[in-house]
Amino acid sequence: MNKFRSHNCNEVRKKDVGNEILLAGWINKKRDHGNLLFIDLRDNYGVTQCIVEKKNPHFRELEKVQLETVININGKVVHRSEETVNKELETGEVEVEIESFNILGTCKELPMPVFSDQEYSEEIRLKYRFLDLRRKKIHENIILRSKVISFLRNEMNKLGFLEFQTPILTSSSPEGARDFLVPSRLNPGKFYALPQAPQQFKQLIMVSGFDKYFQIAPCFRDEDARSDRSPGEFYQLDLEMSFVEQEDVFKVVEKLLVNTFKKFSNKKLLFEDFPKISYSDALLKYGSDKPDLRNPLVIEDITEIFSRDDVSFEIFKKLVKSGSKVRCIVTKNTKDKPRSFFDNIDKWAKNEGASGLAYFTIDKDKKIVAKGPVGKFFSEDALKEIIKKTKAEVGDSIFLSCDKQKELERITSLARDKIAKDLDLVDENIFAFCWIVDYPMFEKDEETKKINFSHNPFSMPQEDIEKINFDNPLEILAYQYDIVCNGVELSSGAIRNHVPELMYKLFSIAGYSKKQVDDKFSGMINALSYGAPPHGGIAPGIDRIVMLLANEKNIREVTMFPMNQNAQDLLMNAPSEVTENQLKELNLILKLKK
RNA sequence: GGGGGUGUAGCUCAGUUGGUUAGAGCGAUCGCCUGUCACGCGAUAGGUCGAGGGUUCGAGUCCCUUCACUCCCGCCA
């Protein structure tokens, strides 16, 4: 037995009654009855109630000890009387009669309470993260994170994947996010970049013949934060496999995620075989490439209805003539919803920058009619056509929006969420996974009209090289895929392009010369010329997986030491200024914007 | 870079139409209390109302500027 403790704070049970024990931990809570003092002692494992009476010579001293002071006590384990058993506590049938104690770590007046369910500002939580992390919920989240990572690592090992580390100081790449740069002392004027992902390294590992690789990989991207996106750094379960097709990757990852989510959550999985939705379908049916499939609402395109002569909705008809589209969302059996339900949604849409959401409800007397402000614009035949197209029924309502495709996707996607929320259609108690597949290789920047890679420039186009129509680059689809769960993008992956000539060709479409490709991707393009196996992989985001499992809406709740929105670490005071000498060694001169 | 929200005691918050000395709970300090588990009771201390400027006889409250935190857009192969 060591000098601090014989048991942890969640171990003592009835069987220990009568024994002298040593406990160590933080003072979670005191209840001082004047002649009787209760002390809840807390550690990583739990809480044990300790008790001391006035006759004990240490009583006065213990009464004065601050909360969150670290002490150890020795004392005798005793039964609690039946009325005083605490069922909330695993150790609640017993308590420890303190005989003596030591203060191991004193505690000043707390800037924020530890034992409290109150919420605190991020600022104080991050500044005193070590206190925040003592609190039950986040403490458990971080433990969950550890367990999830161990589990993933173990599963990967079982599947025959080898874990390798890849460099943290590497080279800047032209595609993708902004890099974090590190100046090189030995190479004046040159910079390393922190890896945005070990993308090129994992491909090199495949070219090196290792067959199956994984890593719990830190990734660094200098982009602005969101609630589900830490500034600076995050972790991926990075994996890559040789001699695989898309389906082989799917099989591995699907099973891995199903096992993980079943093990660490009680929520139901809506699909154990993840549905595969093409990128273009996703944008049509959900307005987004990260649809929340818990939401049953689906968007339908009914543009063609507005070229009919028996539809007199002139505003939409005019817009359609000039290239806009009309899409709609059908809500089941909403004919008895009050006017305010519809008007609120219309008002909400206007607030979101749309021109509003038109709506009508399908009803039937002798014939099918549309009720609502725009109902009168549709003939019975037109309504029948809409019903056929959207599978709507009498009693359903239809919300319509008309705009240019991109804006229309944006607003219908938001409307889908909003309407589902108002109608309470989303079951919070399930996980709905899906694959988004068939991403286009390229996209057009609407402003510059330039063709860019839409996702990963190293992805393999789907056609045979000879059949690819390079004159229509926007039509080229790639073996590129995402996993989405409950509307959260969890991973991105691809079958990689391992053919150098094809790589040069694709980069040339995005405006890179052969020389630029050779310069920027020298390691990889060179490696591909010396016997590269076909290979592919994916990289599920660990922080987001844990966020979903912990039922949290913010990534900082599952990150031990996160930075704030301005990418500052308030605890360690980073980033910070450096000395003149450090700058000089690095051949740097600061020229700050005023 | 842009838009929204928030900012009052150590912490969480209230503060009316602009009106006397800015309040509560928790925490801290002191006192009382032998069965609590959010113990209870009493008292005390604790405030640049984020900062600066303006309007006004008078500003926590209205206006302008600015800062911090946060959410969103842009960005995130």
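Per chain, numbering begins at 1; letters A, B, ... match sequence-line order.
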*asked:* My understanding is that only residues two or more places apart in sequence, or in another chain, count here; which of them pass ring pair (Phe, Tyr, Trp, His ring centres under 6.0 Å) with A:His33?
replied: A:Phe38
Below 3.5 Å is the cut-off: list the nitrogen or oxygen pairs between protein and nucleotides 22-32 of chain B, distance only.
residue	atom	partner	partner atom	Å
B:rU29	OP1	A:Gln66	NE2	3.4

*Min side-chain heavy-atom separation A:Gln568-A:Pro575 under 4.5 Å*: yes
Below 3.5 Å is the cut-off: list the nitrogen or oxygen pairs between protein and nucleotides 65-69 of chain B, distance only.
residue	atom	partner	partner atom	Å
B:rA68	O2'	A:Glu123	OE2	3.3
B:rC69	OP1	A:Asn564	ND2	3.0
B:rC69	OP1	A:Gln568	OE1	3.0
B:rC69	OP2	A:Asn566	ND2	2.4

*Could you check whether A:Gln199 gets within reach of a base, just the sugar-phosphate, or nothing at all, counting any heavy atom under 4.0 Å?*
base
*Which part of the nucleic acid does A:Asn554 contact within heavy-atom distance under 4.0 Å: base, sugar-phosphate only, or nothing?*
sugar-phosphate
*Could you work out the separation of B:rG46 and B:rU29 based on their P atoms and round it to a whole Å?*
16 Å
*Donor-acceptor pair (no angle test) under 3.5 Å: A:Gln49 side chain, B:rU36 base*: yes
*Side chain of A:Arg229: nearest nucleotide among B:rC76, B:rC37, B:rC72?*
B:rC76
*Should the pair A:Tyr279 and A:Tyr439 be assigned to parallel (<30°), tilted (30 to 60°) or perpendicular (>60°) ring geometry?*
tilted
_For a quick check of understanding: with a heavy-atom distance under 4.0 Å over all strands, which category does A:Ile51 fall into, base, sugar-phosphate or nothing?_
base
*At under 4.0 Å between heavy atoms, what does A:Ser116 touch on the DNA or RNA strands: base, sugar-phosphate, or nothing?*
nothing
*asked:* Distance criterion of 3.5 Å, no angle test: do you see the side chain of A:Arg556 paired donor-to-acceptor with the base of B:rU70?
replied: no
